[in-house]
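Beneath this line is the structure, given in structure tokens, with notes to follow.
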Number of protein chains: 2
Amino acid sequence: MTPHRPLRFDPIEEASRNWHRAGWGDAAAGMTLVTSIMRAHQILLSRVDATLVPFGLTFARFEVLMLLDFSRTGRLPLSKIGERLQVHPASVTNAINRLQRDGFVARLEHPTDRRTTLAAITRSGRRVVRNAAKALNEGAFGDPGLDRDQIDTVVRVLAELRRDAKDFEPSPAADAVAGARDDLAVDDGGAGDGARR
Amino acid sequence: MTPHRPLRFDPIEEASRNWHRAGWGDAAAGMTLVTSIMRAHQILLSRVDATLVPFGLTFARFEVLMLLDFSRTGRLPLSKIGERLQVHPASVTNAINRLQRDGFVARLEHPTDRRTTLAAITRSGRRVVRNAAKALNEGAFGDPGLDRDQIDTVVRVLAELRRDAKDFEPSPAADAVAGARDDLAVDDGGAGDGARR
DNA sequence: GAACTTTACTTGGATGTCAAAGCATCAAAC
DNA sequence: GTTTGATGCTTTGACATCCAAGTAAAGTTC
């Protein structure tokens with residue numbers, strides 16, 4: 001993130017005062033929430049990306065590799081990656097292109113569905129993502145600048161925001177089925193470099 | 001945002017379980033915080049940008065216009081805009097270029113410092129940003145999908161995150177001086193269209 | 001006053017986001 | 001079996017982010 005000297009006042013608090021002065025008090029809380037999330041995102045993304053530079057990764061690509069590393073077979077259809085990471089298909093294509101360029105992922109054809117492209121993590125992809133994860137765990141993830149209670153509080157409230165946005169079904173029963181079914185989409189291994197058989 | 005059907009489970013909770021299984025429990029809370037903020041950012045930005053489409057604005061440009069609209073003289077140096085919005089100088093240049101292209105902002109020379117470019121909001125800039133603000137107040141800001149207590153809680157914790165990132169000085173005394181001094185950088189008006197004199 | 005340092009901004013490039021459109025393929029309906 | 005609808009992915013383009021480098025101008029130091 002751009003090195004910067006602290007401002008003498010909280011710019012978001014100042015914006016909130018301006019919102020009230022403009023007569024928009026009812027929406028001031030929502031405006032403050034939105035701009036706070038925007039700034040928090042920027043701070044955290046900057047820290048994460050800085051940590052990943054030595055591994056030749058960005059957070060977007062790191063997430064894709066983590067998902068593949070955690071999957072049962074080390075490979076997933078691109079559509080499944082987009083669904084799980086909740087990004088646009090074009091973003092998945094972009095990330096996979098770059099990971100393929102760097103040798104961390106290989107594209108495979110689906111054995112029975114010719115619409116589908118499979119992304120398969122390679123040996124060097126596994127190596128780099130595990131090393132990157134360790135670096136993140138020691139840095140941005142291990143010490144995000146808030147204590148455990150604060151983290152749990154924000155995570156709980158944001159889970160409600162995500163539920164409200166229809167990210168996932170609220171049923172705890174649905175949770176119990178989690179992860180046990182999703183990468184069944186990749187159930188018969190094709191020959192591919194780095195694919196675990 | 002890309003229309004999407006809810007997943008049957010919370011992908012971030014699933015990621016947290018994976019993190020624990022990998023033996024990285026100590027960092028799981030931080031990882032969950034980071035990915036929750038990332039997703040919340042995406043949800044909120046998508047709502048805000050969708051609201052702004054009819055005004056020909058994005059959130060980045062909207063923020064610049066709001067800052068100018070709230071400033072005392074309707075004009076600010078680009079460096080001040082970057083400082084207050086906490087974005088990179090190149091991002092400010094980009095936003096001002098687009099706002100100038102659309103006639104919402106004019107670039108003015110600084111009367112005494114030739115390094116400095118002033119951005120001055122135009123009449124149509126004021127009109128569009130106020131209409132856009134109303135639309136946001138009725139939509140994304142007025143009903144962000146959380147109740148007031150939840151919003152206040154998240155905002156308070158994220159303020160601490162921003163303070164920890166040196167966004168602003170923690171002193172309440174500094175706050176008292178807020179806003180009364182910053183756009184003093186633009187203290188002698190130059191003739192410019194839309195400039196309030 | 002000259003030399004050096006800092007500041008302001010722009011440009012070019014890399015990155016990642018999503019919308020829109022298109023093509024190929026598979027699924028469903030008849 | 002044919003037609004229609006849905007799905008998967010890619011490509012293109014618009015947008016915004018920041019890094020790095022460069023130029024011009026102001027400030028500081030000697």
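Below, all heavy atoms of this structure are taken into account, side chains as well, without hydrogens, waters or symmetry copies.
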Q.
Quick check on the 6.0 Å ring-centre criterion: do A:Phe141 and B:Trp24 meet it?
A.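 No, ring centres 6.0 Å or more apart.
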Q: Give A:Ser91 one of three labels, base, sugar-phosphate or nothing, depending on what nucleic acid heavy atoms sit under 4.0 Å from its own.
A: base
Is the distance from OP1 or OP2 of [N] to the nearest side-chain N or O of [X] less than 4.0 Å?
{"X": "B:Arg114", "N": "D:dA25", "answer": "yes"}
{"X": "B:Ser46", "N": "C:dC18", "answer": "no"}
{"X": "A:Thr116", "N": "D:dG8", "answer": "no"}
{"X": "A:Arg107", "N": "D:dT10", "answer": "yes"}
{"X": "B:Thr93", "N": "C:dT10", "answer": "yes"}
{"X": "A:Thr117", "N": "D:dG8", "answer": "no"}

**Q.** Backbone of A:Asp149 reached by a side-chain donor or acceptor of A:Asp147 within 3.5 Å
**A.** yes
Q. Between A:Ser124 (side chain) and A:Gly103 (backbone), is there a donor-acceptor pair under 3.5 Å?
A. yes
Choose from [options] the nucleotide whose nearest atom is closest to any side-chain atom of [X].
{"X": "B:Val87", "options": "D:dT10, C:dC18, D:dT17", "result": "D:dT17"}
{"X": "B:Leu78", "options": "D:dA25, C:dC9, C:dT11", "result": "C:dC9"}
{"X": "A:Asp113", "options": "C:dT25, C:dC9, D:dC9", "result": "C:dT25"}

(Q) Looking at every non-hydrogen atom in both residues, tell me the closest pair between A:Ile81 and A:Ala119 and how far apart they are. (A) CD1-CB, 3.9 Å
Q) On DNA chain C, nearest-nucleotide positions of A:Ala90 versus B:Asn94: which is more 5'? A) B:Asn94
Q | Contact nearer the 5' end of DNA chain C, comparing A:Arg115 with B:His88 | A |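 The residue mapped nearer the 5' terminus is B:His88.
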(Q) Please enumerate all residues that pass side-chain hydrogen bond (donor to acceptor under 3.5 Å, both in side chains) together with B:Glu109, with sequence neighbours excluded. (A) none
Q: Using salt bridge (charged side-chain N to carboxylate O under 4.0 Å, His left out) as the criterion, list what pairs up with A:Arg115, not counting sequence neighbours.
A: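 In terms of salt bridge (charged side-chain N to carboxylate O under 4.0 Å, His left out), with neighbours along the sequence ignored, A:Arg115 is linked to A:Asp113.
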Q.
Is any side-chain heavy atom of A:Glu83 closer than 4.5 Å to one of A:Lys80?
A. yes
Q) Quick one, which residues of residues 97-104 of chain B touch DNA chain D with a heavy atom under 4.0 Å? A) B:Arg98, B:Arg101
